[in-house]
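Reviewing the structure listed below.
Each chain gets a letter, A, B and so on, in the order its sequence line appears, and its residues count up from 1. Everything quoted here is computed from the prediction, not taken from an experiment.
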Number of protein chains: 2
Amino acid sequence: MGTPQPSRQPTLDEVAALAGVSRSAASRVINNAPHVSRAKREAVERAIAELGYVPNPTARALATSQVGSVVFAMPNDDPAAFGDPFFAQVVRGVSAELAKTDLELMLVAAPSPHGRDRLRRLVRARRADGVMLMALSGDDPLAHLPEETGIPVVFGGRPLHVQPRWYVDVDNRASARLAVEHLLRTGHRRIATITGPLDTDVATARHHGFRDAMAEAGLPADRVAAGDFTETGGAAAMTRLLDAFPDLDAVFAANDDMAAGALRVLRAHGRDVPGDVGVIGFDDLPAALHTDPQLTTIHQPIEALGREMARMLVALLAGERPCPIILPARLVERDSVRARPLTG
Amino acid sequence: MGTPQPSRQPTLDEVAALAGVSRSAASRVINNAPHVSRAKREAVERAIAELGYVPNPTARALATSQVGSVVFAMPNDDPAAFGDPFFAQVVRGVSAELAKTDLELMLVAAPSPHGRDRLRRLVRARRADGVMLMALSGDDPLAHLPEETGIPVVFGGRPLHVQPRWYVDVDNRASARLAVEHLLRTGHRRIATITGPLDTDVATARHHGFRDAMAEAGLPADRVAAGDFTETGGAAAMTRLLDAFPDLDAVFAANDDMAAGALRVLRAHGRDVPGDVGVIGFDDLPAALHTDPQLTTIHQPIEALGREMARMLVALLAGERPCPIILPARLVERDSVRARPLTG
DNA sequence: TGACCCCCCGGGAGCGCTTCCAAATTGATC
DNA sequence: GATCAATTTGGAAGCGCTCCCGGGGGGTCA
């Protein structure tokens with residue numbers, strides 16, 4: 001509260017003067033550093049309260065060369081990236097974790113080359129102390145941001161060909177395997193998969209998981225169609241699968257959107273889900289509840305992903321050297337897979 | 001390009017030294033201020049290129065007391081605010097406009113009291129030069145941010161009881177009227193409305209538009225149920241309407257989500273849309289294409305809203321005194337309204 | 001009582017930039 | 001060729017903070 005400060009905020013000097021101490025002492029109180037007597041500390045605190053003093057972050061940044069904010073970059077090709085519920089959840093986690101610190105969060109969308117330049121400029125000018133970067137596809141040049149700029153960068157997911165020093169990821173391979181194993185366990189044998197774009201790590205990892213499970217079961221893993229993580233792409237891929245492998249009895253889609261597309265096409269072709277064909281997705285976004293039937297899928301800890309990214313970055317800024325984190329995912333059984341009698 | 005700067009960025013002094021001019025001159029070149037000879041200007045530019053110099057925004061901020069970034073705040077109660085396609089579009093517009101300047105955009109979610117405090121602290125500490133604030137409901141204390149802090153604030157939509165100095169809004173009243181007039185023109189007479197929460201300006205304005213049109217047509221405007229802008233709320237309201245006014249032949253829902261809810265309930269009650277009942281929504285979000293039948297609705301220029309907010313804030317920061325802006329919306333005819341024969 | 005240490009304290013030098021101001025230069029004019 | 005205005009120039013004072021450092025002041029131990 002205090003009286004409203006019409007234009008000029010009080011400065012540390014004014015606080016010091018009012019408290020009758022040196023500026024250094026006042027500074028120590030604010031940063032609660034040691035070596036200040038109880039009496040002076042209290043005097044300063046009183047002065048701060050009376051003046052309604054708020055430290056000027058800019059001045060502090062100049063003196064410490066730490067700006068006190070971090071950026072979360074969304075290099076999504078999808079122009080609607082901001083509306084993407086996946087990102088929304090990640091950001092929520094990031095935000096929650098950062099709220100515990102006094103770091104400010106800057107969200108920047110860097111979908112276009114132009115946006116990427118903007119991000120790069122931002123980082124070069126050190127307008128942020130650190131960066132969180134989401135899953136880059138293929139040979140995105142942004143993957144080299146850490147070396148280029150020397151700024152701490154935490155990746156969410158891994159770029160395809162670069163092994164970043166610091167990242168948080170979901171165990172896509174093992175989780176995909178989990179999904180396929182569920183299909184196997186429930187008696188499916190002629191299992192197909194709809195992959196994501198294979199120039200991303202997520203998609204290839206999930207595809208590997210599919211192959212792992214099939215190999216272990218001694219089954220062929222050649223019923224494959226590539227999608228692009230969209231509903232439409234999933235539908236198209238499903239159409240091709242149905243065409244090439246009319247006998248399939250289950251499909252593992254590398255994400256929920258594609259699974260939804262597959263569901264649509266299966267119904268259009270008169271295949272009952274889960275009666276004739278079992279379908280399993282990946283992500284467990286809210287949309288998975290709105291398909292008909294409700295989608296059995298792999299639940300990713302998306303918010304936790306964001307939280308861990310933020311936590312890792314904070315650790316990094318504090319000079320620690322955290323380890324990469326691989327988050328587990330789990331199966332969520334709903335209605336698109338049902339146990340079926342074993343047939344040849 | 002240039003050689004990679006391992007840790008320390010070059011400073012203005014170094015540029016000046018290399019160019020053989022004073023720091024003041026170098027500064028003038030950078031801010032392309034007048035009073036620099038052609039020769040020196042070029043020398044400085046060469047030095048900048050050679051050193052790969054990037055001005056330090058923090059230092060500049062301290063000297064000018066302008067930090068060079070603005071914040072867009074989303075005081076949405078919906079915890080999934082970030083995923084909201086409406087906000088996504090606004091942000092896209094803001095972002096596009098700001099890309100023309102060298103202002104940085106900070107997105108802050110301020111749904112909780114805690115988040116609001118964070119925003120307030122941010123502003124008090126002058127970590128931003130200006131604020132864009134979206135539609136506040138009821139008596140949100142954030143509505144007084146401008147007076148409290150003296151910082152330039154542009155509103156998107158208007159708070160209910162406060163007339164802000166600077167805002168961009170859609171002409172909700174006139175547009176709602178447009179919607180209802182369309183219903184009238186197509187031969188509907190027993191028209192009901194599902195309003196939004198009436199502690200918001202949007203909702204009351206759209207309700208007024210409904211009443212305007214009905215009054216003009218000499219029809220009663222008493223078929224009213226309040227919703228909350230959600231699909232579920234819309235469905236509940238529709239149920240109540242059907243109960244109280246079984247003879248209704250059309251409904252104007254104050255947004256698309258509620259219209260979707262209404263559609264669902266109407267179908268469940270065996271009413272054909274548009275055959276028995278015409279339904280019209282408001283917003284024209286992407287979801288309006290995914291209802292069955294596709295929704296006739298009012299298209300809001302959402303991205304333009306964001307663009308204009310940003311443009312206005314930029315003008316404000318440049319010391320201009322822009323006028324509030326009211327954006328027009330337009331009717332989009334799809335399949336949920338059909339011309340019907342006039343009956344008593 | 002003197003030597004030594006540990007705290008507390010304030011002075012002051014930055015951090016990298018903008019900007020005022022007075023001095024120096026230029027050029028045009030009589 | 002001298003005078004005056006217009007332009008260009010660099011010195012220096014900040015912006016508000018952090019943090020190093022050296023100077024006391026009080027305690028402890030021989």
So does Thr64(A) get a side-chain nitrogen or oxygen closer than 4.0 Å to the phosphate oxygens (OP1/OP2) of dC15(C)? no

From CD of Gln66(B) across to C1' of dT18(C) the rounded distance in Å is 12 Å

From the candidates dG16(D), dT7(D), dG16(C), the one with an atom nearest any side-chain atom of Asn56(B) is dG16(C)

Check: Under a 4.0 Å N-O cut-off, is there an ion pair linking Arg124(B) with Glu148(B)?
Finding: no

Closest to the 5' end of DNA chain C, once Val54(B) and Arg28(B) are matched to their nearest nucleotides, is Val54(B)

Arg126(B) CZ to dC17(D) P, in whole Å, measures 14 Å

Against the side chain of Thr11(B), the closest entry in dC8(C), dG16(C), dT8(D) is dG16(C)

Whether Ser24(A) contacts dG10(C) is assessed here as follows: a side-chain N or O lying under 4.0 Å from the phosphate OP1 or OP2. Is that the case? no

I'd like to check Ile48(A) versus Ile30(A) (side-chain heavy atoms, cut-off strictly below 4.5 Å). Are they in contact?
yes

From CD of Gln9(A) across to P of dG16(D) the rounded distance in Å is 10 Å

Here the distance between atom C1' of dG22(D) and atom NE2 of His35(A), to the nearest Å, is 14 Å

Taking dC9(C), dT9(D), dC17(D) as options, the one with an atom nearest any side-chain atom of Val36(A) is dC9(C)

Asp13(A) atom CG is separated from dT18(D) atom P, nearest whole Å, by 11 Å

How about Phe72(A) and Met309(A): do any of their side-chain heavy atoms sit closer than 4.5 Å?
yes

Answer yes when Arg38(B) and Glu42(B) have at least one side-chain N-carboxylate O distance shorter than 4.0 Å, and no when they do not.
yes

**Request:** Tell me what Pro34(A) touches on the nucleic acid: a base, only sugar-phosphate, or nothing, going by heavy atoms under 4.0 Å.
**Result:** nothing

From CZ of Arg41(A) across to P of dC7(C) the rounded distance in Å is 15 Å

Atom NZ of Lys40(A) and atom P of dG10(C) are separated, to the nearest Å, by 4 Å

Notebook entry, point to check: Under 4.0 Å: is that the gap between some side-chain N or O of Asn31(A) and OP1 or OP2 of dT18(D)?
Noted result: yes

Check your understanding: Is any side-chain heavy atom of Asp169(B) less than 4.5 Å from a side-chain heavy atom of Asp201(B)?
Key -> yes

In whole angstroms, the gap separating P of dT18(C) from CG of Leu62(A) amounts to 12 Å

Hey, does the side chain of Ser22(A) come within less than 4.0 Å of dG11(C)'s phosphate (OP1/OP2), counting only N and O?
no

Contacts of Pro55(A) and Gly20(B) projected onto DNA chain D by closest heavy atom; the upstream (5') one is Gly20(B)

